[in-house]
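Working notes for the structure below.
Counting starts at 1 for both ligands and their atoms, following the listed order.
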Amino acid sequence: MTDELRRKVAEAIDEHGPGIIDTADQIHKRPEIGFQEKFASQLLADRLKLNGFEVEKPIGGLETAFRATKRGKGPGPTIAVLAEYDALPAIGHGCGHNLIAASGLGAAIGLGQVMDQLDGTFQIIGTPAEEGGGGKVILAEAGVFEGVDASLMIHHAGPYTGSSTEYPGGTCLAVSHYSFTFHGKPAHAAGDPYNGANALNGVIKLFTGIDAIRQHVRTDARIHGIISHGGDAPNVVPHRAEARFYIRAGDQAYLEVLERKVKQIAEGAALMTETRVEIKQEGPTCYDMRPSYVLGRRYEANMREVGMTVYQGARANERGP
Ligand SMILES: [Zn+2]
């Protein structure tokens, strides 16, 4: 892009600054959790339409997903900027997805001004449920990203906001979510405990079994869980108990190894406690992220050019306590 076009983009964003910030504020004031982002997705769709984008909503079978498109003067690559807008349950916009949404709108307003002088197609894709639910995975499976040559997104990080310019910056562990429901047999805990099968014991053995393998997994493995149901009353042998775990690894292949180990431990825990375990994956697996450092370096140079302070550091989980 020529310097003149780049200047036009920056000017348009400056000119619309208050509207872009207002969009972030409005979404922040009305937090909506994954798949329920009716207000946020409609606000963005309306503002993109106002700025000359052709908006399709809903897309990919998700009510709060949308695609806004502006075509250039001739054929060329299709570049998409992704906008997230879901909040965290009970917290609100603690992760700043309202800013991701406003940044997408800002990119649309800036580039929208010059698309008639560029080749290719520019899109903003609104992606719901990123705090959980895997919105982008659902959209990818529905074919929303077919024909898209590159996708870009910014996730702000307060004073740590920067751009990934070299490995391992910008990478992310692969993750899958599982629930383990142990089914036992109720009995009175003092009257006839010998007739019971203790589902909570199954859950406890699952935790201790996972702890026993921690020495024998790669350093980038993360296996963390909670007991989501531990029984109903102390005087009743728990007939149902449930744990939920997230399993993470540096790459998808090793994640599968860990999943196999954890499932085997769950089966072992059930065998030990004469219970039965039901293992369910919750939502789709997210693969490890592999950023483009070429784009990252360009992004950083542009951030410096507009006078931003750029954070340069290791990825979040190497920052220390
Ligand atoms: Zn986030």
(message) Which residues pass the salt bridge (Lys or Arg N to Asp or Glu O under 4.0 Å) test with D3, not counting sequence neighbours?
(response) R6
(message) Does R290, at its CZ atom, have more than 12 non-hydrogen atoms belonging to other residues, nucleotides or ligands within less than 6.0 Å?
(response) no
(message) Return all protein N, O or S atoms below 2.8 Å from the Zn ion (ligand 1), chain by chain in residue order.
(response) C95 SG, H97 NE2, H155 NE2
(request) Say whether, by atom type as modelled, one donor and one acceptor occur between the side chain of Y85 and the main chain of E32 under 3.5 angstrom. (result) no
(message) Going by salt bridge (Lys or Arg N to Asp or Glu O under 4.0 Å), name the residues that satisfy it together with E274, two or more places apart in sequence or in a different chain.
(response) none
(request) Using the test salt bridge (Lys or Arg N to Asp or Glu O under 4.0 Å), find all partners of R214 that sit at least two apart in sequence or belong to another chain. (result) D211
(request) Kindly compute the distance separating CD (E300) from CG (L295), expressed to the nearest 0.5 Å. (result) 13.0 Å
